[in-house]
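Read the structure below first, then the notes.
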Amino acid sequence: MERDFFEDVYEVVKLIPFARVTSYGAIAEYLGAKRSARMVGYAMNSADKTSNIPAHRVVNRVGQLSGKHAFASPSMEERLAAEGIKVENDVIIDFNAYFWNPNTELL
DNA sequence: ATTATGACTTCAC
DNA sequence: CGTGAAGCCATAA
């Protein structure tokens, strides 16, 4: 399994530092295809099952755990809480503060 | 090759 | 301010 797009997504997601989160759009934009934000999440769906990808650090633009349903256990919010990230009502608190932009911080 | 689907995003009403 | 619809791209059937 080596979908080029997926591969890039995995790489970026793996590079996400501890207690840090990012959005699908940000990753997609970093890959040069900001229109493919959906594919990023789609990749995560496969990534979390097949690889040790911290998909729980990837949320939508508003910091909402849109993909929590893809996590068997523990819950996405628990994983984030384990990193000191507060989550309430499936939404990351102070998301802007935890936001990690690959284009800005990684580059 | 074509159709359907989706962990998104943005514009419109 | 809230809900709805359309757009875009890659994967799967």
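Lettering follows sequence order; numbering is per chain, from 1. The analysis underlying the following values was restricted to heavy atoms, covering all of them including side chains, and did not include hydrogens, waters or symmetry mates.
- Atom CZ of R79(A) and atom C1' of dA7(B) are 13 Å apart (whole Å).
- Distance, F5(A) CZ to dA12(C) P: 14 Å, rounded to whole Å.
- A donor-acceptor contact under 3.5 Å links the side chain of Y24(A) to the base of dA7(B).
- Whole-Å rounding puts the L65(A) CG to dA7(B) P distance at 14 Å.
- Summarising the geometry, the separation between CD on E29(A) and P on dC8(C) is reported as 17 Å, rounded to the nearest angstrom.
- Note on R61(A): a side-chain N or O is less than 4.0 Å away from OP1 or OP2 of dT10(B).
- Rounded to an integer number of Å, the gap from CE of M44(A) to C1' of dA10(C) is 14 Å.
- Among the heavy atoms of the strands lying under 4.0 Å from N45(A) is at least one base atom, whether or not backbone atoms are also near.
- The listed nucleotides are dA12(C), dG7(C), dA7(B); the one nearest the side chain of R38(A) is dG7(C).
- If you check dC8(B), dC9(C), dA12(C) against the side chain of R35(A), the one that comes closest is dC9(C).
- Within the 4.5 Å cutoff, the side chain of I16(A) has no heavy atoms near those of the V21(A) side chain.
- Taking atom OH on Y10(A) and atom C1' on dA7(B), their separation rounds to 13 Å, with Å as the unit.
- Of the candidates dC8(B), dA7(B), dT11(C), dT11(C) carries the atom nearest the F6(A) side chain, counting heavy atoms from C-beta on.
- The side chain of S36(A) places no N or O atom within less than 4.0 Å of a non-bridging phosphate oxygen (OP1 or OP2) of dC8(B).
- Residue A55(A) is classed as a base contact, given a heavy-atom separation below 4.0 Å to a base.
- Atom CD1 of residue I27(A) and atom CE of residue M44(A) lie 6.0 Å apart, to the nearest 0.5 angstrom.
- Interatomic distance, OG of S66(A) versus CG of D90(A), reported as 9.5 Å (0.5 Å rounding).
- Counting any heavy atom pair closer than 4.0 Å across all strands shown, V58(A) reaches a base atom.
- Put simply, CZ on R79(A) and NZ on K68(A) are 13.0 Å apart, with the number rounded to the nearest 0.5 Å.
- The CG-P distance, from L80(A) to dA7(B), rounds to 18 Å in whole Å.
- Listed here is the closest heavy atom pair of P102(A) and A26(A): CG-O, 3.9 Å.
- Protein atom CD of E7(A) is 16 Å distant from nucleotide atom C1' of dT11(C), rounded to whole Å.
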